Amino acid sequence: MTIRPILIHPDPRLKKLCDPVTELTDELRATAADMLETMYDAPGVGLAAPQVGVMQRMLVMDCIKDPEAKPRPMVLINPEVTWTSDETNTYEEGCLSIPEQYADVTRPAEVKVRWMDLEGAAQEEQFAGLWATCVQHEIDHLNGKLFIDYLTPLKRQLITRKMQKLKREKARL
Ligand code: K1U
Ligand code: ZN
């Protein structure tokens, strides 16, 4: 398994609609394993394939934050939201592609999601709490949407300028 570099905003790949997965290949399984390792290393609770430059509809997540608890690594292929609650929840979100920037985002508090697992079996589950926020944040990535797209144009521009500066500084090292 390999820790892959995470793309930093702004990057055109983070704004693109990802393609559905049509075949469960060994390459896709290796990508999923690398994504989980990359997510745990970051550390993060989720990661979407485009964040590592893979333009396919796959995400990983594990929102068990307690280091004493058993981890629950999940791989979701072609995920689809099939139901959203009317109740909403506001969470101060961050993003591994927008390091050290956080902002409140309001989303449905609970969602039901259908996906295919790495064995090709259909799965459906209702998520709440951090799991619900995370899965929606990751599905947004597959649609080329970032959490800053929920902010005002001014706030989004401020964060984008900070990221451009960070990328220039990193390139100079
Ligand atoms: O997609 C990403 O960039 C990962 C992101 C997912 C996310 C989950 C929930 C709310 C917003 C964004 C993160 O994992 S940000 C890091 C994070 O939330 C975290 C990191 C370590 C421990 C606990 C949480
Ligand atoms: Zn993100």
Side-chain angles (χ1 to χ4, degrees), residues 1-18 21 31-81 84-85 87-113 115 125-152 155-160 162-164 166-167 170:
M1 284 195 290
T2 312
I3 293 165
R4 301 199 188 187
I6 296 174
L7 299 181
I8 301 299
H9 167 73
D11 185 298
R13 288 166 287 183
L14 294 172
K15 298 302 298 171
K16 285 206 175 114
L17 185 70
C18 292
V21 172
T31 300
D34 287 355
M35 283 172 59
L36 279 167
E37 195 176 14
T38 304
M39 177 192 81
Y40 286 124
D41 174 74
V45 291
L47 191 70
Q51 293 181 277
V52 292
V54 175
M55 305 311 293
Q56 289 193 292
R57 301 188 75 79
M58 177 165 71
L59 66 89
V60 299
M61 61 177 181
D62 183 350
C63 295
I64 306 283
K65 287 194 344 193
D66 176 1
E68 305 295 312
K70 188 170 175 267
R72 191 189 177 203
M74 298 189 75
V75 178
L76 280 65
I77 296 165
N78 297 338
E80 276 176 54
V81 175
T84 58
S85 63
E87 191 198 335
T88 58
N89 184 33
T90 301
Y91 193 90
E92 191 182 42
E93 296 195 16
C95 179
L96 298 175
S97 294
I98 312 177
E100 286 167 33
Q101 305 300 317
Y102 305 92
D104 279 353
V105 178
T106 301
R107 301 180 186 270
E110 294 191 38
V111 287
K112 209 181 261 185
V113 180
W115 71 94
E125 189 169 326
Q126 191 163 324
F127 294 103
L130 180 59
W131 288 93
T133 298
C134 185
V135 76
Q136 292 175 81
H137 177 113
E138 301 310 332
I139 292 173
D140 273 354
H141 273 301
L142 305 181
N143 294 326
K145 190 162 181 170
L146 300 172
F147 83 89
I148 55 170
D149 294 325
Y150 292 95
L151 310 182
T152 63
K155 282 187 188 162
R156 187 161 58 242
Q157 197 178 53
L158 261 169
I159 291 177
T160 299
K162 281 187 194 164
M163 291 300 105
Q164 283 166 329
L166 179 84
K167 286 177 86 170
K170 272 191 173 177

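In this text, all values refer to a predicted model and were calculated from it rather than measured experimentally. As the structure lists them, so they are numbered: ligands from 1, and atoms in each ligand from 1.
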Determine whether a donor-acceptor pair (N or O, by modelled atom type, separation under 3.5 Å) exists between the side chain of E138 and the backbone of A48.
yes
What number of protein N, O or S atoms occur at distances under 2.8 Å from the Zn ion (ligand 2)?
3
Taking it one step at a time, do K70 and I64 satisfy side chain to side chain contact (heavy atoms under 4.5 Å, CB included)?
CA-CA 8 Å; K70 188 170 175 267; I64 306 283; over 6 Å; no
Return yes if some donor-acceptor pair links the side-chain N/O of N143 with the main-chain N/O of K145 below 3.5 Å, else return no.
no
Using atom types as modelled and distance alone, determine if a side-chain donor or acceptor of D11 lies under 3.5 Å from a backbone N or O of I8.
no
Looking at K16 and M55, would you say the former's side chain and the latter's main chain have a donor-acceptor pair under 3.5 Å?
no
Side chain to side chain contact (heavy atoms under 4.5 Å, CB included) between M39 and L36, intermediate numbers included:
CA-CA 5 Å; M39 177 192 81; L36 279 167; 4.0 Å; yes
Using a 6.0 Å distance limit plus a 45 degree cone around the ring axis, check whether K155 lies over the aromatic ring of Y150.
no
Can you label the angle between the F127 ring and the W131 ring as parallel, tilted or perpendicular, going by 30° and 60°?
parallel
Pick out the protein N or O atoms lying less than 3.5 Å from any N or O of ligand 1, and list each pair with its distance.
{"residue": "ligand 1", "atom": "1 (O)", "partner": "Q51", "partner atom": "OE1", "Å": "3.2"}
{"residue": "ligand 1", "atom": "1 (O)", "partner": "H137", "partner atom": "NE2", "Å": "3.2"}
{"residue": "ligand 1", "atom": "1 (O)", "partner": "E138", "partner atom": "OE1", "Å": "3.0"}
{"residue": "ligand 1", "atom": "1 (O)", "partner": "E138", "partner atom": "OE2", "Å": "2.7"}
{"residue": "ligand 1", "atom": "1 (O)", "partner": "H141", "partner atom": "NE2", "Å": "3.4"}
{"residue": "ligand 1", "atom": "3 (O)", "partner": "Q51", "partner atom": "NE2", "Å": "3.0"}
{"residue": "ligand 1", "atom": "3 (O)", "partner": "L96", "partner atom": "N", "Å": "2.7"}
{"residue": "ligand 1", "atom": "14 (O)", "partner": "V45", "partner atom": "N", "Å": "2.7"}

Return yes if some donor-acceptor pair links the side-chain N/O of R57 with the main-chain N/O of L142 below 3.5 Å, else return no.
yes
